[in-house]
Colleague: 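Encoded as structure tokens, here's the structure I'll be asking about.
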Amino acid sequence: MTAEIALQINGMTKNFGGLKAIDRVDLTIPKGDRRLLLGPNGAGKTTLFNLITGDLKPTAGSVQLFGRDITGLASHHCAPLGLARTYQIITLFPKNTLAENVVLSLLGISPLRWSPISRIKGRKEFEERARAALKQVGLDAKADRPLGETSYGEKRRLEIALALAQNPSLLLLDEPLAGLSRQERLDVQALIESIPRDITLILIEHDMDVALALADSITVMYHGRVICEGDRAQVVADPRVKEIYLAS
Amino acid sequence: MSIGFWLLQSLNALALGGLLFLLSSGFSLIFGLMRVANLSHGAYFMLGAYVGLSVLQAGFGFIEAILAAGIVIAILGGLIERFLLRRLANRTLAQVLVTLGLAFAIADICLMLWSGDPMQLPAPKWLSQPIRAFGFVFPGYRVFVVEVSIVVALLLWLLIERTKLGAMVRASVDDIQMARGVGIPAQKLFSFIFCLGAALAGMGGVLGGPILSVYPGLDGEMLPLALVVVILGGIGSIGGAFVGAYITGFVYTFGQTLLPAFSYVILFLPMIVILAFRPSGLFGKSAP
Amino acid sequence: MTNTSRITTISVTLLILALAAPLLLGQPFYINIGSQVLIAAIFAMSLNILVGYGGMTSIGHAAYLGTSAYVVALLTLQHGFSFYSASAVALLVVVIMAAIFGAIALRGTGITFLMITLALGQTMWGVAFRWSDVTGGDNGLPDIKRPDLFGLNLVEPGLFYAVMIALFMVALAGMWIFIHSGLGLSLQGTRDQPRRMGMLGHHVWLVRWIAFIIAGFWAGVAGIAFIGYHGYIHPLSLGLANSAEVLLMVIAGGAGTLLGPVVGATIVVVLKMVVSAYVSRWVLLLGCTFVAIVILLPEGVVPGLERLLKSILPAARDDGEAGS
Ligand SMILES: Nc1ncnc2c1ncn2[C@@H]1O[C@H](COP(=O)(O)OP(=O)(O)O)[C@@H](O)[C@H]1O
Ligand SMILES: [Mg+2]
């Protein structure tokens with residue numbers, strides 16, 4: 001039974017001083033699910049991601065990844081366990097080309113990251129897989145451009161490429177459409193839709209329409225709590241969700 | 001070794017702790033407020049001592065010497081803050097490196113003006129009367145230094161905890177963005193605290209002169225001590241600087257008495273213990 | 001040719017000319033300056049691993065050079081070691097010291113790291129200065145003999161310089177290999193985006209710690225060359241001024257570039273030589289240069305020149321690696 005569950009969160013709580021950013025959150029994500037995490041700004045969505053990936057230590061509660069307890073595990077343990085994420089605020093390597101950005105991602109799951117002598121550039125396994133990852137997000141033509149020469153929209157796609165390059169089992173996308181123009185949103189939306197179905201997805205997004213089109217099921221957060229969970233119809237019908245979204 | 005010896009060493013430790021407090025409280029406030037580790041701070045201490053010495057030699061009294069050093073170093077600090085550090089706003093590392101460069105420049109100018117010979121800065125007669133207590137005799141000047149450091153600590157504490165200005169400083173140490181947002185004049189606050197910290201270091205130099213004497217290299221010996229105090233006590237905390245200064249004073253003084261060759265190594269042991277178990281220092285806020 | 005390979009060609013040509021210059025000038029005075037520059041260059045390159053590629057500003061790096069030199073001096077003078085076996089022990093000592101100091105300093109990041117390295121560096125100065133029974137205290141340790149190499153007497157300046165060129169080339173090649181290696185890329189990634197690197201599976205702390213040890217090792221190598229050249233070691237060599245001097249070399253030349261520290265070392269050593277010939281105010285000048293560089297030329301000489309060259313050379317699509 002546990003094998004069917006990608007991510008299981010129990011009683012997760014995180015306090016920042018007096019603020020309860022996350023308050024007794026339970027969450028179960030079955031394998032292969034595409035889950036949308038919905039909620040107004042400050043609801044605690046990013047904080048929940050940070051707790052899953054070990055960027056923050058929980059005040060209380062536990063996280064299980066494919067049946068394995070990863071509570072409080074440092075973030076560098078995530079990649080080998082098949083957990084990858086993107087960031088709401090772009091977190092890329094500004095001094096490198098797009099291909100080199102992806103190579104750093106591939107290096108993270110390669111033993112060569114410990115080698116002080118093996119030259120990485122020119123290694124087929126890295127070059128080819130980096131290009132494949134860039135192709136997947138439609139950036140292969142710009143592989144050798146420095147990051148500084150790319151647009152914001154391209155950076156958003158590179159964020160996703162870095163995560164996809166590791167071929168994760170569970171992928172956390174933190175507002176992958178934030179700040180994009182209408183056309184760019186459609187592109188990235190198509191890109192997310194094209195992610196293989198065997199990768200379990202948790203997606204944070206504000207735009208109800210886009211997000212609802214992408215997701216199988218929805219969890220709504222508000223003030224650090226899960227207030228509603230279900231499919232599209234259930235969530236849209238929920239009076240508390242209406243209240244939050246009409247009020248904001 | 002007799003009880004008298006240990007009591008005397010303890011008094012020496014207290015006096016050094018007091019000096020270290022004067023030095024590091026300013027350092028800690030500046031760091032807490034501006035994220036600038038002012039590596040010139042040891043040089044301020046030494047320059048203050050030399051200025052005080054010259055004022056004494058010109059025939060003025062000890063109190064005048066302390067005040068003059070405080071004012072001169074405060075002005076120097078103000079100029080440095082205004083014309084160098086402010087140009088590098090938000091470039092913390094560059095600011096720190098500039099203060100490092102200035103430390104060398106100041107030290108070499110001191111060497112040029114006051115020569116390389118160690119100089120004795122005499123304590124005034126009215127402060128060096130021996131004090132008799134519990135059947136022992138204590139050097140009065142060291143008791144005076146301890147008293148001054150406690151009074152300054154109280155005044156600083158009142159300033160930070162009980163005044164509007166102090167409230168603004170605390171708010172800015174907590175969260176500078178937020179403080180700016182609610183209209184705290186952060187720039188003016190920086191300038192003020194920087195001058196205050198510099199003045200404390202300069203006055204500390206004069207006060208320390210009769211105990212440590214004044215010589216080239218005094219800056220380089222005091223700076224690491226101040227760093228240790230701040231790392232021990234926690235950055236930006238007056239209480240931390242106070243406790244850290246006295247711990248360091250004791251460890252260093254007894255280290256020098258018992259194992260003179262390794263007093264510096266012993267000095268770092270408490271720092272290492274603190275870093276291992278509480279990287280933010282005794283009184284520092286731990287990261288969430 | 002792409003611009004990058006042109007710049008590489010130009011740099012290599014200039015480097016060879018610079019290395020040959022002291023020999024062309026012929027006099028021992030110039031050859032000795034050449035040796036000093038190369039020793040400083042190895043030292044600065046070692047610090048560049050931390051400052052330039054790791055983003056960790058250390059102000060205590062002289063401790064490693066100095067400790068290594070002291071170990072060689074003590075073992076050869078007082079315990080009958082040969083220069084080479086003493087050097088091997090010195091490297092071991094420095095590596096262990098870097099491992100311990102690195103573990104302490106890396107409890108902090110950014111400015112805290114800087115403060116801890118400064119404090120730890122001054123500890124070693126304090127030991128050298130105060131433990132005078134062993135270290136000679138303020139008198140230092142004089143009269144360490146330059147060793148022979150393959151039967152050649154290295155007291156001859158030209159031969160010593162040749163050995164320094166060889167050592168420098170090894171260090172430079174090692175550096176090039178390191179910064180293009182998996183660990184080197186990982187280190188540069190942790191400098192730019194530590195959080196992301198962690199998420200990608202890189203162990204940020206461990207990478208930095210290993211870099212700290214590698215930097216200590218090469219500073220130890222520089223220390224061996226230093227004691228070989230001067231035959232004398234004094235507590236000042238471990239002190240704050242020396243740590244600041246090597247940091248100035250790295251920053252003035254260009255942190256995070258392969259040749260920046262080499263250029264910086266050349267500038268600082270030559271400047272020091274010229275100034276000291278006329279006035280005894282080197283420390284004042286060191287301080288002022290520091291302030292001026294940080295304010296006026298924060299990225300250093302080499303990146304500035306690189307940009308200048310790129311703008312002069314005819315535009316060509318540049319798809320090689322950066323000139324570093
Ligand atoms: N490191 C932190 N320290 C203090 N408060 C934080 C921190 N991270 C997030 N918060 C607070 O926690 C709350 C939730 O933030 P976040 O998870 O970013 O919300 P969301 O991603 O849903 O917009 C906010 O009030 C935010 O200010
Ligand atoms: Mg968010």
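The chains referred to below are lettered A, B, ... by the order of the sequence lines, with proteins before strands, and numbering in each begins at 1. The analysis underlying the following values was restricted to heavy atoms, covering all of them including side chains, and did not include hydrogens, waters or symmetry mates.
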Colleague: Taking every heavy-atom pair that is under 4.5 Å apart, which of A:V103, A:L112, A:I117 has the most such pairs with chain C?
Modeller: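 The residue among A:V103, A:L112, A:I117 with the greatest pair count is A:I117.
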
Colleague: Counting heavy-atom pairs under 4.5 Å with chain C, which one of A:L83, A:L92, A:N96, A:I109 comes out on top?
Modeller: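 Sorted descending by pairs with chain C, the first entry is A:L92.
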
Colleague: C:M199 and side chain to side chain contact (heavy atoms under 4.5 Å, CB included): which partner among A:T91, A:L172, A:T53?
Modeller: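 Only match with C:M199 under side chain to side chain contact (heavy atoms under 4.5 Å, CB included): A:T53.
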
Colleague: To the nearest 0.5 Å, what is the distance between CG on C:L185 and NZ on A:K121?
Modeller: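 Nearest 0.5 Å value for the CG-NZ distance: 9.5 Å.
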
Colleague: Which bit of A:P116 is near chain C, if near means a heavy-atom gap under 4.5 Å: side chain, backbone, both or neither?
Modeller: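 Both parts, backbone and side chain.
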
Colleague: More than 12 heavy atoms of other residues, nucleotides or ligands under 6.0 Å from NZ of A:K155: yes or no?
Modeller: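 More than 12 heavy atoms, drawn from other residues, nucleotides or ligands, come within 6.0 Å of this atom.
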
Colleague: Please look at C:L187 and chain A and tell me whether the side chain, the backbone, both or neither of the residue comes under 4.5 angstrom of a heavy atom of that chain.
Modeller: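 Neither part.
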
Colleague: How long is the span from the NZ atom in A:K95 to the CD atom in C:Q188, to the nearest 0.5 Å?
Modeller: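 Answer rounded to 0.5 Å: 8.5 Å.
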
Colleague: Taking the side chain as C-beta and beyond, is there a heavy-atom pair between C:W205 and A:H76 under 4.5 Å?
Modeller: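 Of all side-chain heavy-atom pairs linking A:H76 with C:W205, none is under 4.5 Å.
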
Colleague: Counting only heavy atoms closer than 4.5 Å, note whether A:S105 contacts chain C via side chain, backbone, both or neither.
Modeller: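 Looking at A:S105, backbone and side chain both touch chain C.
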
Colleague: Under 4.5 Å from any heavy atom of chain A, what part of C:R195 do you find: side chain, backbone, both or neither?
Modeller: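 Both parts, backbone and side chain.
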
Colleague: Taking everything shown except C:L296 itself, do over 12 heavy atoms lie less than 6.0 Å from its CG?
Modeller: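 Counting other residues, nucleotides and ligands, CG of C:L296 exceeds 12 neighbours.
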
Colleague: Any side-chain to backbone donor/acceptor pair from C:Q193 onto A:F93? Under 3.5 Å, distance only.
Modeller: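 No, the answer is negative, given that no donor and acceptor are paired below the 3.5 Å cut-off.
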
Colleague: Taking side chain as everything from C-beta outward and backbone as N, CA, C, O, which of these in A:L162 sits under 4.5 Å from a heavy atom of chain C? Side chain, backbone, both or neither.
Modeller: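 Answer is both: backbone and side chain atoms of A:L162 are under 4.5 Å from chain C.
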
Colleague: Working to the nearest 0.5 Å, report the span between CZ of C:R196 and CZ of A:R85.
Modeller: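 The distance works out to 8.5 Å.
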
Colleague: Between C:H202 (side chain) and A:L104 (backbone), is there a donor-acceptor pair under 3.5 Å?
Modeller: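 Confirmed, C:H202 side chain pairs with A:L104 backbone.
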
Colleague: May I ask you to name which of C:G198, C:G184, C:G174 has the most heavy-atom pairs under 4.5 Å with chain A?
Modeller: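 The residue among C:G198, C:G184, C:G174 with the greatest pair count is C:G198.
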
